[in-house]
Chemist: 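My questions all concern the structure below.
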Amino acid sequence: MIATLLVTGLATVAVGLVPTYESIGIWGAVLLTIIRLIQGIGVGGEWGGSVLLAMEWARTNKHRGFVSAWPQFGGPAGLFLANLAVLFFSWFQVTSSSFGDGGFRSCSASSWSASAVDPARHP
């Protein structure tokens, strides 16, 4: 599970570091698509492991379904938190055009902290 966390986290950081269309042309979009594919593979691997782990650690058979449902809730919760992060960062940009010109990248690039801290908690 640590490997999938690292793959997902590093791909998320890489999304924030992709050069713009103006600097590398269509290859920016191609590179972004490849990175998002890698990110999706990491998330898919993490999801299966997290459901299995949650199901195995349920206290009783009666609660296995409820406990196993929480990893499924992680996707929408993460999307909601990501939207909050974008909203938060957009408030502190000087102009609305600066956020569209690349300020949105700060959300992805700042995820390095979660990518570094979480695997370090599980040696």
Side-chain angles (χ1 to χ4, degrees):
M1 285 182 68
I2 293 173
T4 57
L5 282 173
L6 283 174
V7 166
T8 304
L10 293 175
T12 302
V13 171
V15 166
L17 302 176
V18 172
T20 63
Y21 181 82
E22 288 82 20
S23 61
I24 63 171
I26 192 69
W27 290 106
V30 170
L31 190 58
L32 182 63
T33 303
I34 291 169
I35 291 170
R36 290 298 307 238
L37 176 69
I38 293 168
Q39 188 181 35
I41 291 169
V43 168
E46 183 65 27
W47 183 83
S50 64
V51 170
L52 182 62
L53 188 64
M55 185 183 75
E56 288 178 349
W57 282 90
R59 292 180 189 238
T60 65
N61 286 337
K62 183 178 179 182
H63 297 109
R64 283 186 192 258
F66 177 74
V67 171
S68 298
W70 282 104
Q72 183 66 27
F73 178 70
L79 185 60
F80 177 73
L81 292 174
N83 283 323
L84 284 180
V86 168
L87 180 65
F88 176 77
F89 280 109
S90 69
W91 285 341
F92 293 104
Q93 297 295 326
V94 177
T95 63
S96 61
S97 65
S98 68
F99 186 73
D101 291 340
F104 67 93
R105 295 175 184 270
S106 57
C107 299
S108 292
S110 65
S111 71
W112 68 267
S113 58
S115 300
V117 170
D118 196 50
R121 292 183 340 166
H122 307 288

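What's counted below: heavy atoms across the whole structure, side chains too, no hydrogens, waters or symmetry copies. Counting from 1, the numbers follow the sequence of the chain as shown.
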Chemist: For a 4.5 angstrom cut-off between non-hydrogen side-chain atoms, does Ile38 reach Val7?
Modeler: yes
Chemist: Between atom CD of Glu46 and atom CD1 of Ile41, what is the distance when rounded to the nearest 0.5 Å?
Modeler: 14.5 Å
Chemist: Looking at Ile35 and Ala14, what are the two nearest heavy atoms and their distance?
Modeler: CD1-CB, 3.8 Å
Chemist: Determine the sole option in Val30, Leu37, Leu32 for which the side-chain contact (heavy atoms from CB on, under 4.5 Å) test with Ile34 is passed.
Modeler: Val30
Chemist: What's the spacing between Glu56 CD and Leu53 CG if we round to 0.5 Å?
Modeler: 6.5 Å
Chemist: Shared ILVMFWY cluster between Ile24 and Ile26, side chains joined below 4.5 angstrom?
Modeler: yes
Chemist: Testing the 3.5 Å rule here: is there a donor-acceptor pair between the side chains of Gln39 and Thr12?
Modeler: yes
Chemist: Check side chain to side chain donor-acceptor pair (under 3.5 Å) between Thr33 and all other residues, then give those that pass, not counting sequence neighbours.
Modeler: none
Chemist: In residues 66-89, what donor-acceptor pairs under 3.5 Å come from side-chain atoms, sequence neighbours left out?
Modeler:
{"residue": "Ser68", "atom": "OG", "partner": "Arg64", "partner atom": "O", "Å": "2.8"}
{"residue": "Gln72", "atom": "OE1", "partner": "Trp47", "partner atom": "NE1", "Å": "3.2"}
{"residue": "Asn83", "atom": "ND2", "partner": "Leu79", "partner atom": "O", "Å": "3.2"}

